[in-house]
Amino acid sequence: MKKLILVTPGIRFNPMGVPVLSVNGTYMNAIAAAGGIPVMLGSTPLAEEYAEMAAGLVITGGESVHPTRYGETFMHLADNDPAIAHNLKAGCNSVRDEMEFAAFEAFFQRKKPILGICRGHQLVNAATGGTNMLNFPRKHAVEHSEGIAHDVLAEPGSFLARIYGERFLVNSFHRDCAWSVGPGMREAAKSPDGLIEAIEHRDLPVFGVQFHPERMRGDNRVPALGPDGTKLFEFFVNIC
């Protein structure tokens with residue numbers, strides 16, 4: 001029987017203030033191509049029930065993770081500049097944070113596999129005691145947004161090195177990044193300019209990747225010369 005894989009949605013609010021949940025089809029298609037059955041998370045209070053039902057959790061990309069989740073403040077991250085702090089705050093979604101941290105905790109306590117992608121990678125990092133940097137190009141002259149392609153250097157023996165080898169090409173669509181990892185976690189890959197591109201738990205099946213493997217497959221693969229992202233989803237579904 002195929003395994004159910006829970007996928008977290010983006011959350012926006014319609015003109016009536018009602019939350020609207022949606023997931024890019026690329027995530028669902030990638031999980032299906034890997035042999036899983038993707039199911040969208042639809043209710044924060046049911047996080048425990050979802051964790052009992054599903055074999056694994058995929059946390060998707062999107063907005064910034066609120067800095068209080070890793071012991072920071074907007075003003076400190078903005079070097080006490082109110083205008084910058086306001087812009088950083090505008091990029092967060094606390095309602096989504098609540099849903100995804102609840103799901104993470106439910107799966108983590110059951111030691112079930114978790115894969116964070118882009119924002120999901122940063123959320124996994126925060127949930128396991130790490131810290132993030134919001135809008136890092138403001139302080140570090142590194143361009144990683146708007147779909148540029150660059151190499152990543154996977155640590156020998158890491159999950160990515162086992163799947164793709166120790167150097168391979170990925171896409172890059174982020175302005176935030178994981179800055180330091182927490183207890184029990186380790187860096188699994190970095191970009192040549194030193195940014196953390198992947199993390200993994202030392203003992204549990206918990207992973208995060210900063211790039212978008214769901215966009216590295218199919219007819220419109222980004223980057224075109226990169227490896228097939230389906231292999232990462234196959235790895236994940238197989239361990240669920």
Side-chain angles (χ1 to χ4, degrees), residues 1-11 21-62 65 96-128 130 154 158-164 178 181-182 184-186 188-189 197-218 227-240:
M1 181 177 179
K2 290 186 175 182
K3 303 163 187 175
L4 293 180
I5 308 298
L6 190 66
V7 184
T8 66
I11 302 176
L21 283 60
S22 63
V23 176
N24 287 346
T26 48
Y27 293 105
M28 312 302 259
N29 293 340
I31 292 168
I37 301 176
V39 178
M40 188 182 79
L41 171 61
S43 173
T44 301
L46 294 178
E48 297 286 336
E49 286 83 349
Y50 278 115
E52 286 293 326
M53 174 188 75
L57 171 67
V58 172
I59 306 174
T60 60
V65 176
R96 183 172 180 181
D97 283 346
E98 183 179 7
M99 173 179 278
E100 291 183 329
F101 275 93
F104 175 91
E105 188 63 23
F107 279 79
F108 189 78
Q109 290 300 322
R110 290 166 175 79
K111 300 181 179 181
K112 288 189 172 184
I114 300 169
L115 173 63
I117 296 172
C118 198
R119 165 195 159 85
H121 159 77
Q122 297 156 20
L123 188 138
V124 167
N125 190 53
T128 52
S158 67
F159 75 104
L160 285 179
R162 297 196 301 272
I163 299 170
Y164 294 124
V181 299
M185 301 296 290
R186 61 186 171 200
E197 289 286 338
I199 57 177
E200 62 182 334
H201 198 280
R202 295 181 182 275
D203 302 308
L204 300 175
V206 177
F207 312 93
V209 295
Q210 184 59 70
F211 53 93
H212 282 268
E214 81 283 0
R215 303 183 192 181
M216 295 168 57
R217 56 174 306 279
D228 185 356
T230 307
K231 292 182 180 180
L232 178 54
F233 287 96
E234 288 174 342
F235 160 81
F236 183 72
V237 170
N238 286 339
I239 64 172
C240 285

Engineer: Strictly by modelled atom types, are Asn24 and Thr26 linked by a side-chain donor-acceptor pair under 3.5 Å?
Structural biologist: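 The answer is no; no qualifying pair exists.
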Engineer: Output the distance between atom CZ (Phe236) and atom CD1 (Ile31), rounded to the nearest 0.5 Å.
Structural biologist: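 Between Phe236 CZ and Ile31 CD1, I get 7.5 Å after rounding to 0.5 Å.
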Engineer: Ring-plane angle category for Phe159 and Phe207, please: parallel below 30°, perpendicular beyond 60°, tilted otherwise.
Structural biologist: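 Phe159 vs Phe207 ring planes: tilted.
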Engineer: Can you tell me how far apart CE (Met99) and CD1 (Ile59) are? Round to the nearest 0.5 Å.
Structural biologist: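 Here the interatomic distance stands at 12.0 Å.
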Engineer: Taking only residues two or more places apart in sequence, or in another chain, which ones meet Tyr164 in a ring-ring contact (aromatic ring centres under 6.0 Å, His included)?
Structural biologist: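 Tyr164 satisfies ring-ring contact (aromatic ring centres under 6.0 Å, His included) with Phe168 only.
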Engineer: Pick one: which of Ile117, Ile199, Val124 meets side chain to side chain contact (heavy atoms under 4.5 Å, CB included) with Val209?
Structural biologist: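 Of the listed residues Ile117, Ile199, Val124, the side chain to side chain contact (heavy atoms under 4.5 Å, CB included) partner of Val209 is Ile117.
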Engineer: Does Lys3 have more than 12 heavy atoms from other residues, nucleotides or ligands lying within 6.0 Å of its NZ?
Structural biologist: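 Above 12, so yes.
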Engineer: Mind checking what makes side-chain contact (heavy atoms from CB on, under 4.5 Å) contact with Glu48, not counting sequence neighbours?
Structural biologist: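 side-chain contact (heavy atoms from CB on, under 4.5 Å) list for Glu48, sorted by chain: Ala106, Arg110.
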Engineer: CG/Leu232 to CG/Leu160 distance, rounded to the nearest 0.5 angstrom?
Structural biologist: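 Rounded to the nearest 0.5 Å, the CG-CG separation comes out at 6.5 Å.
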Engineer: I need the Tyr27 OH to Thr60 OG1 distance, nearest 0.5 Å.
Structural biologist: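 Answer rounded to 0.5 Å: 5.0 Å.
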Engineer: Quick one: salt bridge (Lys or Arg N to Asp or Glu O under 4.0 Å) partners of Glu197, sequence neighbours excluded?
Structural biologist: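 If we apply the salt bridge (Lys or Arg N to Asp or Glu O under 4.0 Å) test to Glu197, skipping adjacent residues, there are no hits.
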Engineer: Apply side-chain hydrogen bond (donor to acceptor under 3.5 Å, both in side chains) to Glu100 and Thr8, showing your working.
Structural biologist: CA-CA 7 Å; Glu100 291 183 329; Thr8 66; 2.6 Å; yes
